[in-house]
Participant: 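Sharing a structure here in structure tokens format.
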Protein chains: 2
Amino acid sequence: MAKAKRVLKWQRDPEGMRIRILEAAKQEFSAHGLAGARVDRIAANAGANKRMLYYHVGNKEDLYLEVLEGAYEQIRAEERGLDLEHLDPPKAIERLIDFTWNYFLRNPEFLALLNTENLAKARHLKRSTKVKSMHSPFVEMIRTVVNRGVESGDFRVAVDPVQLYISIAGLCFFYLSNSATLSVIFGRDLLKKEARDERLAHMVALVLAALTGKSTADFGKAKPTGLRAAAHQAV
Amino acid sequence: MAKAKRVLKWQRDPEGMRIRILEAAKQEFSAHGLAGARVDRIAANAGANKRMLYYHVGNKEDLYLEVLEGAYEQIRAEERGLDLEHLDPPKAIERLIDFTWNYFLRNPEFLALLNTENLAKARHLKRSTKVKSMHSPFVEMIRTVVNRGVESGDFRVAVDPVQLYISIAGLCFFYLSNSATLSVIFGRDLLKKEARDERLAHMVALVLAALTGKSTADFGKAKPTGLRAAAHQAV
DNA sequence: CGAGAAATTAACTCGTTAGATAAATACTGT
DNA sequence: ACAGTATTTATCTAACGAGTTAATTTCTCG
């Protein structure tokens with residue numbers, strides 16, 4: 001009875017702590033940017049004492065860079081999982097757009113982090129040998145697919161895979177990253193299901209029409225529902 | 001001699017002061033975002049006493065909103081100056097892309113401000129009746145051009161003008177707004193003249209190929225110089 | 001020219017924030 | 001069980017930054 005079991009005030013869990021810190025930091029940096037992020041909020045949301053951030057990771061900028069590197073690691077890993085080789089070229093391109101779109105939709109923090117890093121003129125990325133060595137498999141995938149498409153006659157013309165990659169990313173990125181302002185400007189919610197579906201269909205149709213020379217139903221059809229109703233805005 | 005001319009310590013210039021404050025604020029907000037911007041730096045760069053910001057405009061957020069509204073006003077004004085009506089449809093689309101591209105190139109602060117506002121989930125824009133009433137003429141211009149193109153047979157298919165507008169803006173915006181990170185990732189300067197020219201040609205070719213069904217030289221030709229050399233990166 | 005208003009400067013305040021110091025607690029190996 | 005180290009908590013600090021107060025100078029108009 002006098003031998004009451006010792007009650008621990010806290011437990012050690014360095015790995016878990018580190019993970020919680022980085023996850024909280026990711027949310028904080030993506031929600032508020034580098035300058036707007038608050039170290040105390042990160043600590044609180046990680047369920048940690050603020051001192052832990054400095055103990056396990058480093059100062060605010062170190063923390064930010066680690067989050068950024070983690071974000072690149074994650075997308076690169078998923079990209080590698082995408083198998084375009086065995087699909088016929090138009091399907092492969094469609095798959096690529098679909099993946100990019102849905103990755104961005106599922107990971108809005110990634111978009112925000114990229115914007116923050118670009119505001120900083122890529123100052124941190126430049127110092128990261130880690131990210132610079134993480135090559136995306138997409139450019140080579142696209143090159144292969146385009147070559148196959150030209151040979152098979154599916155595609156009329158060769159296109160620079162880097163340009164095509166940037167174009168596909170841009171079509172997806174801009175819509176999602178700027179959905180808040182665009183939604184205000186157009187006076188409608190660009191993130192609701194119908195709007196998202198319509199956007200994806202448009203992008204696929206646009207790129208495939210350019211590559212194949214054949215227009216698909218979705219590109220040509222003027223749908224009665226959707227964005228067309230809001231016939232009045234831009235940027 | 002005793003009647004030395006009174007030497008003024010400073011002169012009044014409320015309008016000039018206001019303009020200098022807003023210009024300095026635009027630079028500051030676009031360079032550092034809302035949270036990263038420093039009121040003292042704005043004052044210093046405007047050649048003003050900090051108190052002047054509060055006297056002439058208001059607090060930091062008021063200042064930011066006014067800058068944002070000014071940026072929208074400016075692009076809307078230039079958009080209205082673009083006359084697409086008398087051009088044949090493919091030329092009109094090319095002109096539109098060219099304008100958008102060059103406007104973004106000439107006004108990188110606008111891109112940064114939009115990113116900042118989207119980070120804030122368009123919180124300020126939502127409160128601005130001013131911006132909400134500034135309708136862009138582009139959507140209607142595009143609708144007209146597309147309709148004419150379909151009638152004349154230049155374009156194979158009708159396309160939703162809002163989607164097309166977002167696509168054109170996105171193709172330009174993403175490349176320029178993210179040029180810092182993309183340049184690191186691809187290991188080359190995306191803003192140098194050749195890269196810019198190549199990008200513009202690609203975008204025009206992509207969109208026109210999709211609309212007309214005919215591929216242009218620039219879309220099809222695999223150029224020896226340029227981005228293709230950097231065959232290894234993404235996002 | 002002189003009084004009152006407008007514009008501007010100078011200096012201060014007070015909460016916030018990144019980061020540091022020091023002490024306490026938990027764990028590990030012997 | 002205990003000594004030493006790793007991990008965590010509690011508390012402090014020094015600078016910064018947005019916004020304010022109050023005094024000063026310039027301008028306008030009767």
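Since the structure is predicted, the reported quantities are computational estimates derived from the model, not experimental observations. Lettering follows sequence order; numbering is per chain, from 1. Only this structure's heavy atoms are used, side chains among them; waters, hydrogens and symmetry mates stay out.
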Participant: Checking all strands, does A:Arg51 fall into the base, sugar-phosphate, or nothing category for heavy-atom contacts under 4.0 angstrom?
Facilitator: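 The answer is base, as A:Arg51 lies within the cut-off (heavy atoms under 4.0 Å) of a base atom.
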
Participant: May I ask you to verify whether the side chain of A:Lys9 and the base of C:dA26 hold a donor-acceptor pair under 3.5 Å?
Facilitator: no

Participant: Hey, what's the ring geometry for A:Phe110 with A:Tyr103, parallel, tilted or perpendicular (30° and 60° as the breaks)?
Facilitator: perpendicular

Participant: Any side-chain heavy-atom pair from B:Glu66 and B:Leu22 closer than 4.5 angstrom?
Facilitator: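 SC-SC contact between B:Glu66 and B:Leu22 confirmed.
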
Participant: Using a cut-off of 4.0 Å on non-hydrogen atoms, how would the nucleic acid contact of B:Ala37 be classed: base, sugar-phosphate, or nothing?
Facilitator: sugar-phosphate

Participant: 5'-most contact on DNA chain C: B:Trp10 or A:Trp10, nearest heavy atom basis?
Facilitator: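 It is B:Trp10, whose closest nucleotide lies nearer the 5' terminus.
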
Participant: If you round to the nearest 0.5 Å, how far is OG of B:Ser30 from NZ of B:Lys26?
Facilitator: 8.0 Å

Participant: When the distance from CG of A:Asn49 to P of C:dA18 is rounded to whole Å, what number comes out?
Facilitator: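 The distance from CG of A:Asn49 to P of C:dA18 comes to 15 Å, rounded to the nearest Å.
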
Participant: Do B:Glu23 and B:Asn45 have side-chain atoms, one donor and one acceptor, less than 3.5 Å apart?
Facilitator: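 B:Asn45 and B:Glu23 do not have a side-chain donor-acceptor pair below 3.5 Å.
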
Participant: Do A:Asn59 and C:dA18 have a side chain to base donor-acceptor pair shorter than 3.5 Å?
Facilitator: no

Participant: Answer yes or no: does a side-chain N or O of A:Arg38 lie under 4.0 Å from OP1 or OP2 of C:dT16?
Facilitator: no

Participant: Judged by each residue's nearest nucleotide on DNA chain C, which is more toward the 5′ side, A:Lys60 or B:Arg20?
Facilitator: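 Its nucleotide being nearer the 5' end, the pick is B:Arg20.
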
Participant: Provide, to the nearest angstrom, the distance between the CE atom belonging to B:Met52 and the P atom belonging to D:dT20.
Facilitator: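 Roughly 14 Å, once rounded to whole Å.
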
Participant: Less than 4.0 angstrom between a side-chain N/O of A:His56 and OP1 or OP2 of D:dA6, yes or no?
Facilitator: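 Indeed not, no polar side-chain atom of A:His56 lies that close.
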
